[in-house]
Amino acid sequence: MPNSPSNRSPLGIPQTDPFFYVTSEMAGMIGKIRRISERHPVNILVTGRQGCGKSSLVRQYAAIYECPLATFQVGVLSEPGQLFGEYALEEGRTRYKQFLFPQALQTPNCVIHLEEINRPENPKALNMLFSILSDDRQVWMDELGTLKVADGVVFFATLNEGDDYTGTEMLDPALRDRFYTLLMDYLPPNVEKEILLKKSKVTVAQADDIISMVNQLRSMPELSVEVSTRTTLMIGEMVAVGASLHDAIVVSLQAGKEELESILLSLHFEKDYRQTGETTYLRLTRTAVDTEQSAHAQQNGQRDLKGANLHVP
Amino acid sequence: MCPDANPTTKMIDKFCITGGSGHSAFWRRDTSGVETLELSKLLVGLRKVSSFIGRNLGDIVWSGMDFRYGIALDPSLVMGSYPVPSGKTDIAVGITARLSFEKTQWSDRLKEIAQSMSRDYPPPYAYKFNHYIDLCEKVYLDCISNHNVMGLYTEAARLWEISEKANQFLQPPTVTQLLHIWWKMAADIGGEKYKEDYVDRTVGSMTGKVIDLTEIYGPPIALLNSIVPQLISECPKIPGVTERADFRLTLYLSIWPQLLEYIKFWPTDRSDPFLIPESFRKEMEKEDKEKEAVRTTVVSFADQIESAIRKKNRDFTEDVRSNVANTEEVVQIVGNDIVMRAKDKIDKPLMHKLQQTIRAAAQRRTTYNRGLTSGKIDRRKLYRAKTTGKAFLMKKNEFELPNDIVLIVDATGSMADPNKWDQSQVIIQTLFSALRRYNKNARLFAYNEVKEKCRLTEIYSSGFFFTVLPHGKTASGEAIIATALKLKSKNKRPFIIHITDGASNWGCGVKEAIAFCKKKKISLLTLGIGCGPAAKTSLKDEYGKLAQFIDHTDELPHLFGCQLRDSMLG
């Protein structure tokens, strides 16, 4: 049956993101990688700070060239061979269950995404990748035989590297040597604003406020807070559904209470952001949530959850 | 809290914290419902607020807590319900802001000069004069706070203080009432009220007769308002703080004779020593006793508040003294949390080599996750194959050092050479990063000397490296003992690695530290970096076999690995 689970390929082609921006240099490099991959498999290492678009770049590459994409979390690997499969019991007999990785390896033009390649639980878990990523492009396994990397396969490995990841396990130099390296960084404010407008559906005025506040946070290095593009989008989505900028920041920034207090104090006293409020505790029911939502929407002049326009003061 | 109960279900739907809304709701996140914790967290918040006003304000504490120089705040305002409501927090922030501005604008100096002048006045006038100067300064300080959002808080504090004081006003006209009315007008956040004429809007009086104070207070308030434009606009433009204070004093004195003519026969307040009847004196004594009771309450848990705030800045001197034989030579050693973010100086190839070295010395701990439906075959659970099928396991190897490692770095004057300090930062950050991979409890400290105190600073926290300025004399003995005292007793066998470039030249000496570590079964290793021949000899004399020397960073992995293995085998 054409649509039975056994016939359907688990490797899908992702959808193109219409609002994914890179530098022209990066775009040129993507084209060149594609051309090299037409001759033989290629290894690309994408590094950058968290939330700057590394995984999105991999997905976008697969989407624009209509290649199947398979993503693997290298960080959870604790033993060699764990990417390939493991033993399981079927009808009273042990059987080697093959994982997606061998299938992806042998799928022509597949994009294989190895996430957090620098953080396996056991460094030896990466040992089997050496021969796959080297000129050999094949590996032998007792359970599966010889696995050859198919034509056109591109390996994308991503890892977080930057000033704040000084303690991160360094990628084995022998492994790193096999990769081209693409460095990603945060986008400039005007590009970030465009993405914010299109993806989170905020208004222009709201986008300006958000970008202004995010840039102010980034300009205060003493606060040690990273505001990535991902965080900016999270703030935008919150604001779009009626949250105030203050509330959106509080839930979107990954900071402890004391650190958050310092951040908000800086915004309040140095940048003159204000919001009065008082603390109440409510019994959490659907009615209470809807009432609060309406009250917030009235305050901020936004649409409520049901879509009706409320009074704009 | 005022609970709001649903009459049908009899369940409480809503709790409000009485105290009103406030601007501090924007930033106050770290709160607690426990009294001591909430007072300490609020105090931390107030200290952060004062840091936006200026430096050198001293310690900001609640009245009753120990401090030498700084600001003592009355906690009675915020005590009662916890977390402290935003409205009350706003008032506390406003009071803190004004007292902080007093420090930065040298109001105390101005008041001292004014007091010395008032000695020439007859006592009733002197009392009025000091009162007048005090209020003038309050007006000025509130006006400068109005330049930014701080004005919102000083306004809250001002309105609260005026309403509290109004309960104690005598039958008008009084000097105190006059000055407070002026304060409210002149320091208004809009910055325009002082331009208006005073109109009495009070209703009735204490004796029941309607008294219109417009004519009585109007002229002196107009006189007082005449100096406000200069306070708002001209005084802040003067660059020097002493010049600003002199300018203000001259300004206040310029209208004093004329003001005195209006107020010379008016009473001041209930504290006016020349006017206090017996009943007022008793009430004041009662109020003072109540305030003292609150202060006593704070004193009784001042230690708890202190410990909730200051976990790092302990004074270790007495503890060190009680653990050495040579007590006379022990110098003062305190904790310190004034640090700067350090640049990333990790040498990654070196860290990779160190990690391999440390891993070789680490103990392997294998954990098994058994009873899985897939994975590796678990030979011990094969009997389940026919039943549940959970005959598989997942094996995970973890490598851990058997000791808890603490690095303590010499940051004294001998390390002040920029190249030397840079090199030591590379070694410290690289070594610590490698160690942390195999010991999650690893800690990093630095010690230096400032103003005759040895300061112990933790320079790694929450994933970030910090640094201090290398300065002063080397009290290695005290630093090692204080570090050992900081270690928690539930630690694995502690291992202190002392990184230095020379022998101790201050304090009780290293022999005391070595003896202490031996007594507490703490392993101690000293790494000498960038040592000259003389320094090496001195270190050898002090530490004996416990000292090793590194002349080049390449030597570190091998040397450190040998030391680690020897100490763990020993």
Side-chain angles (χ1 to χ4, degrees), chain A residues 78-79 81-82 85-97 121-124 162-173 221-222 224 246 250 255-283 285 287-288, chain B residues 1 6 11-17 19-31 41 44-45 48-49 52 83 85-87 148-150 152 341 343-344 346 348-349 351-352 355 373-377 384-386 389-392 394-398 429 433 436-437 462-465:
Chain A
S78 57
E79 285 199 16
Q82 215 176 334
E86 61 183 7
Y87 282 97
L89 209 63
E90 256 184 44
E91 294 167 2
R93 290 182 175 195
T94 55
R95 195 176 80 82
Y96 187 77
K97 198 167 74 175
E121 288 196 3
N122 184 346
K124 283 188 185 167
D163 289 347
D164 299 336
Y165 288 85
T166 51
T168 303
E169 171 92 26
M170 199 188 75
L171 190 62
D172 192 312
E222 68 277 7
S224 312
H246 166 270
V250 164
K257 276 200 268 186
E258 213 182 312
E259 210 180 327
L260 192 57
E261 197 169 89
S262 301
I263 291 166
L264 292 171
L265 266 170
S266 289
L267 288 173
H268 187 49
F269 286 110
E270 288 181 3
K271 312 293 179 189
D272 205 14
Y273 284 92
R274 317 175 185 188
Q275 181 176 296
T276 55
E278 57 181 336
T279 310
T280 52
Y281 286 86
L282 304 173
R283 199 162 60 89
T285 58
T287 316
Chain B
M1 285 198 186
N6 186 320
M11 279 192 277
I12 297 173
D13 287 330
K14 191 175 181 179
F15 286 91
C16 298
I17 298 180
S21 67
H23 298 282
S24 51
F26 179 86
W27 54 268
R28 254 216 103 199
R29 308 303 301 180
D30 195 10
T31 60
K41 286 174 193 288
V44 168
K48 287 180 192 173
V49 168
F52 289 97
S86 308
N148 57 31
V149 76
M150 206 67 77
L152 297 170
R341 273 289 292 271
K343 285 186 185 162
D344 174 16
I346 293 179
K348 290 190 176 155
M351 186 172 83
H352 196 71
Q355 278 180 352
T373 53
S374 61
K376 279 184 124 176
I377 294 173
R384 290 184 185 171
K386 289 287 185 184
K390 292 181 181 176
F392 297 90
M394 193 81 79
K395 190 167 85 168
K396 203 159 92 166
N397 287 327
E398 283 171 3
Q429 289 190 14
S433 300
R436 220 176 128 69
R437 174 80 172 80
S462 306
F464 297 108
F465 283 101

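Bear in mind the structure is a predicted one, so any value in this text is a computation, not a measurement. Order of the sequence lines sets the chain letters (A, B, ...), proteins ahead of strands, with each chain counted from 1.
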Peer 1: Please round to the nearest 0.5 Å and tell me the distance separating atom CZ of B/R436 and atom CD of B/Q429.
Peer 2: 13.5 Å
Peer 1: So which part of B/A391 gets closer than 4.5 Å to some heavy atom of chain A, the side chain, the backbone, both or neither?
Peer 2: neither
Peer 1: Are the side chains of B/S21 and B/S86 in contact, using a 4.5 Å heavy-atom criterion?
Peer 2: no
Peer 1: Would A/T94 and B/I377 satisfy side-chain contact (heavy atoms from CB on, under 4.5 Å), going step by step from the backbone distance to the final call?
Peer 2: CA-CA 8 Å; A/T94 55; B/I377 294 173; 3.9 Å; yes
Peer 1: Could you look at B/K395 and say if it's the side chain, the backbone, both or neither that has a heavy atom under 4.5 Å from chain A?
Peer 2: both
Peer 1: Heavy-atom pairs under 4.5 Å with chain A - which of B/A385, B/G389, B/G375 has more of them than the others?
Peer 2: B/G375
Peer 1: Answer yes or no: are there more than 12 heavy-atom neighbours, outside A/K271 itself, under 6.0 Å from its atom NZ?
Peer 2: yes
Peer 1: Sort out for me which of A/L260, A/L282, A/L264 touches chain B most, counting heavy-atom pairs under 4.5 Å.
Peer 2: A/L264
Peer 1: Check whether A/E90 gets within reach of chain B through its side chain, its backbone, both or neither, counting any heavy atom under 4.5 Å.
Peer 2: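 Neither the backbone nor the side chain of A/E90 comes within 4.5 Å of chain B.
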Peer 1: If I measure from the heavy atoms of chain A, does B/R28 come under 4.5 Å with its side chain, its backbone, both, or neither?
Peer 2: both
Peer 1: Pick one of side chain, backbone, both or neither for A/Y273, based on which atoms fall under 4.5 Å of a heavy atom in chain B.
Peer 2: both
Peer 1: What heavy-atom pair brings B/F26 and A/H246 nearest, and what distance separates the two atoms?
Peer 2: O-NE2, 2.5 Å
Peer 1: Measure up the A/Y87 and A/Y96 rings against each other and bin them: parallel (under 30°), tilted (30 to 60°), perpendicular (over 60°).
Peer 2: perpendicular
Peer 1: Given heavy-atom pairs under 4.5 angstrom as the criterion, report whether the side chain, backbone, both or neither of B/T31 touches chain A.
Peer 2: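 Backbone only.
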